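Since the structure is predicted, the reported quantities are computational estimates derived from the model, not experimental observations.
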Amino acid sequence: MDSKWLCRTYVLKVASRCNLNCSYCYMYNKGDSSWRSQPKVMSEQTVIRLLERIREHYGVCSPPEPVVLSFHGGEPLLAGHEFFRFFIQKAKEILLPAGIQPSFTIQTNATLIDEEWCKIFYDDYFDMGISLDGKKEINDIHRVYHNGKGSYDDVLKGVSQIKSYRNLEEGMGFLVVVNIDADPVETYEFFKSLGSFDFLLPDYTHDDKDDRIGPDQTAYADWMIQVFNAWLRDPDRPGIRYFASLVESILGGNGGADVMGDRHNDILVVETDGSYEAVDALKICGEGFTKAGTNVATESISEALKTDLASLYQRSHKVLAPQCQHCQIREVCGGGYLPHRYSKHNGFNNPSVYCNDLLKLITHIQNSLLDIISTEVLDQTEVRKITYEEARAHLNQAPDAQAEPSELTQFAHSQT
């Protein structure tokens with residue numbers, strides 16, 4: 001198999017329930033209730049079959065090939081210590097002899113962290129993403145328990161446990177859902193005091209979005225620009241993947257991730273029952289939207305990647321709506337995150353709901369870089385300044401989205 005088509009990252013929904021009830025969560029509070037029919041925890045039989053499918057997908061590798069096994073949920077720690085020990089051991093037994101080198105990551109709310117979890121993460125070199133939105137008064141707006149109690153204090157206890165365990169915190173970073181009601185510079189300083197961090201824009205479709213998103217509105221860009229400016233002028237700046245990826249892409253590198261950029265996506269989700277799915281945030285598009293009828297028990301990974309939604313997601317930064325094809329920053333933006341492009345009327349044949357915000361943010365970052373980089377580097381990149389207003393005017397000349405029916409529209413009306 002051509003290595004560029006290998007799926008190298010697996011998002012593992014090892015627990016389908018969560019001890020928190022975050023108001024913006026795409027798993028539970030955005031209109032898809034399919035989690036209710038999922039097993040609460042992935043079975044050992046499913047774990048083994050999944051790992052066998054990964055081995056089958058890669059074949060025998062020489063030299064060793066990396067694969068990322070990323071534990072998600074729900075809250076993955078609800079699967080328990082013994083489940084994780086079993087999974088890690090089986091991953092080594094099944095994958096390593098085939099020349100496949102697994103690395104482990106986890107996205108957790110950290111409220112259940114104890115010393116035993118720290119030992120598991122330390123022994124097998126886990127990278128840890130901790131979900132936190134800011135100071136207590138910000139975090140506890142959305143990130144609450146099912147009884148409405150805020151999670152901030154318990155998250156910080158978990159973070160403290162991690163920091164006190166040898167050098168485990170070196171693999172820890174924070175994932176922040178942007179709240180534009182918070183002060184952007186205070187948010188930056190708060191997370192800088194904790195370590196590295198990254199941002200996520202709240203998940204919306206064209207059918208369900210914040211009133212502050214839309215034509216001629218750039219509230220999210222204005223917030224992110226203030227954070228970027230603070231980050232750029234900070235001589236001791238922390239790692240922020242969102243900005244670092246944009247900078248790399250603007251300068252002609254292979255930056256970006258599945259939320260933006262110009263490269264092929266290589267993520268596949270596996271639910272607790274062994275079902276394969278395209279990226280999990282697509283659940284915001286409607287009830288059962290991500291269900292493709294494929295499972296580790298009956299289909300190979302290659303077969304799962306050929307299903308309509310998974311195939312589109314893998315190529316989502318290449319298969320763009322007409323407006324995006326016409327855009328001057330399309331190689332950096334990549335049309336934005338696929339879930340954010342959806343509408344029941346047009347399917348995915350739309351720009352992102354954050355189109356204006358992305359356009360303003362990216363042009364600002366590009367122009368800021370051009371003010372500080374050397375002439376030699378500038379000549380190599382062939383990047384030039386362009387204002388948001390110029391880019392917007394150019395984009396407004398694009399053909400209408402409905403003028404080019406394509407595979408993007410096949411999902412229109414599918415949930416009505």
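Looking at V178 and M224, their side chains come closer than 4.5 Å, going by heavy atoms from C-beta outward. Taking the side chain as every heavy atom from C-beta outward, R53 and E303 never approach each other to under 4.5 Å. The shortest distance between side-chain heavy atoms of I113 and I162 falls below 4.5 Å. Proximity of V144 to L20: side-chain heavy atoms (C-beta onward) are nowhere separated by under 4.5 Å. P322 has its side chain within reach of N349: a pair of non-hydrogen atoms, C-beta onward, lies under 4.5 Å apart. A 4.5 Å side-chain heavy-atom check between Y313 and I267 finds at least one atom pair inside the cut-off. At a threshold of 4.5 Å between non-hydrogen side-chain atoms, the residues R49 and N295 do not count as touching. The side-chain heavy atoms of F348 and S316, taken from C-beta on, include no pair separated by under 4.5 Å.
Aromatic ring centres of Y26 and Y28 lie farther apart than the 6.0 Å criterion allows. Between Y342 and F411, the distance separating the two ring centers is not shorter than 6.0 angstrom. Separation of the F84 and H81 ring centroids does not fall under the 6.0 Å cut-off. Centroid-to-centroid, the aromatic rings of F174 and F197 stay 6.0 Å apart or farther. Remark: aromatic rings of F191 and W231 are distant, center separation not under 6.0 Å. The aromatic ring centroids of F243 and F228 lie less than 6.0 Å from each other.
Contact check on D153 versus K157 returns no salt bridge, with no Lys/Arg side-chain nitrogen under 4.0 Å from an Asp/Glu carboxylate oxygen. For the pair E189 and K135, the salt-bridge criterion is not met [side-chain N within less than 4.0 Å of a carboxylate O].
Of the possible polar contacts, one joining the R330 side chain to the C327 backbone as a donor-acceptor pair under 3.5 Å is found.
For the salt bridge (charged side-chain N to carboxylate O under 4.0 Å, His left out) test with K30, the passing option among D207, D208, D280, D203 is D208; the others fail.
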Please tabulate, for the side chains in residues 90-112, all donor-acceptor contacts under 3.5 angstrom to protein atoms that are two or more places apart in sequence or on a different chain.
{"from": "K90", "atom 1": "NZ", "to": "E93", "atom 2": "OE1", "distance (Å)": "3.2"}
{"from": "K92", "atom 1": "NZ", "to": "D124", "atom 2": "OD1", "distance (Å)": "2.7"}
{"from": "E93", "atom 1": "OE2", "to": "Q89", "atom 2": "NE2", "distance (Å)": "3.1"}
{"from": "T105", "atom 1": "OG1", "to": "S70", "atom 2": "OG", "distance (Å)": "2.8"}
{"from": "Q107", "atom 1": "NE2", "to": "G129", "atom 2": "O", "distance (Å)": "3.3"}
{"from": "Q107", "atom 1": "NE2", "to": "S131", "atom 2": "OG", "distance (Å)": "2.9"}
{"from": "T108", "atom 1": "OG1", "to": "E75", "atom 2": "OE1", "distance (Å)": "3.3"}
{"from": "T108", "atom 1": "OG1", "to": "E75", "atom 2": "OE2", "distance (Å)": "2.8"}
{"from": "T108", "atom 1": "OG1", "to": "A110", "atom 2": "N", "distance (Å)": "3.0"}
{"from": "N109", "atom 1": "OD1", "to": "T111", "atom 2": "N", "distance (Å)": "3.0"}
{"from": "N109", "atom 1": "OD1", "to": "T111", "atom 2": "OG1", "distance (Å)": "2.7"}
{"from": "N109", "atom 1": "ND2", "to": "N19", "atom 2": "OD1", "distance (Å)": "3.0"}
{"from": "N109", "atom 1": "ND2", "to": "E75", "atom 2": "OE1", "distance (Å)": "3.1"}
{"from": "T111", "atom 1": "OG1", "to": "N19", "atom 2": "ND2", "distance (Å)": "2.9"}

Q.
Using side-chain hydrogen bond (donor to acceptor under 3.5 Å, both in side chains), reason through Y24 and D133 one step at a time and then give a plain yes or no.
A. CA-CA 12 Å; Y24 51 60; D133 287 351; 2.6 Å; yes

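The heavy-atom pair separating Y204 from V353 by the smallest distance is O-CG2, 3.9 Å.
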